[in-house]
Amino acid sequence: MKNPIKLFTLITTCLLLSSCYSVRLRSVNGTYQPDPLLSRNDYYRGMEVVELDTVIKIDIVSKDFTYLIKETDACKSGKLHTVEFKNTFGGSLLSVFSFGKKRKLKVKYVCMKPTN
């Protein structure tokens, strides 16, 4: 590793791989809201997924952020079955350069099927 370009490449690769992650939370109770079109071929096949690609803004004095899920056409019950959030390298860079005030997240959630 005498070559500084190889060292820089190794460090950059490690940072890129460690800065991208995804977390999925799923309820064991209840049934997911089915997708009438069956248009997906991934983990969410058969589920109606709501996707958000958003930048959240957090004040310096507050450390948390709340996104409210309401009863809408996309989420008829207002209850969550599965939630996944994903952080990317670009999202990590935005957070670093804005001193943590802005964070870019990709959020997917599946609502529970309404009960009668």
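When reading the values below, keep in mind they use all heavy atoms of this one structure, side chains included, and skip hydrogens, waters and symmetry mates.
- Within a 6.0 Å radius of CZ in Arg24, other residues, nucleotides and ligands contribute more than 12 heavy atoms.
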As a quick check of understanding, evaluate side-chain contact (heavy atoms from CB on, under 4.5 Å) for Gln33 and Met47, giving each step before the final call. CA-CA 6 Å; Gln33 189 169 320; Met47 300 178 194; over 6 Å; no

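- Between Pro36 and Glu48, the shortest heavy-atom distance links the atoms CD-OE1, 4.0 Å.
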With a 3.5 Å cut-off and sequence neighbours excluded, list the donor-acceptor pairs that the side chains of residues 51-58 form with protein atoms.
{"residue": "Glu51", "atom": "OE2", "partner": "Arg40", "partner atom": "NH1", "Å": "2.9"}

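- If you chain together hydrophobic residues whose side chains sit under 4.5 Å apart, Val49 and Tyr32 fall into the same group.
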One pair to check against side-chain contact (heavy atoms from CB on, under 4.5 Å): Met112 and Ser27. What are the steps and the verdict? CA-CA 9 Å; Met112 283 195 185; Ser27 174; 3.6 Å; yes

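- A donor-acceptor pair under 3.5 Å is absent between the side-chain atoms of Thr31 and the main chain of Lys113, judged by distance alone.
- Cluster membership check: Val110 does not share its hydrophobic cluster with Leu80, using side-chain heavy-atom separations under 4.5 Å among Ile, Leu, Val, Met, Phe, Trp and Tyr.
- Judged purely by distance below 3.5 Å, without hydrogens or angles, the side chains of Ser22 and Glu84 pair a donor atom with an acceptor atom.
- Under the salt bridge (charged side-chain N to carboxylate O under 4.0 Å, His left out) criterion, no residue pair touches residues 86-100, with sequence neighbours excluded.
- In this structure, CG in Leu105 is found 6.0 Å from CG in Asn87, a value given to the nearest 0.5 Å.
- Residues Tyr44 and Val83 do not share a hydrophobic cluster, defined by chaining ILVMFWY side chains whose heavy atoms lie under 4.5 Å apart.
- Val50 and Val23 fall within the same hydrophobic cluster, where Ile, Leu, Val, Met, Phe, Trp and Tyr residues are linked whenever their side-chain heavy atoms come under 4.5 Å apart, directly or through other members.
- Under the 4.5 Å side-chain criterion, counting only non-hydrogen atoms from C-beta, Arg26 is in contact with Tyr43.
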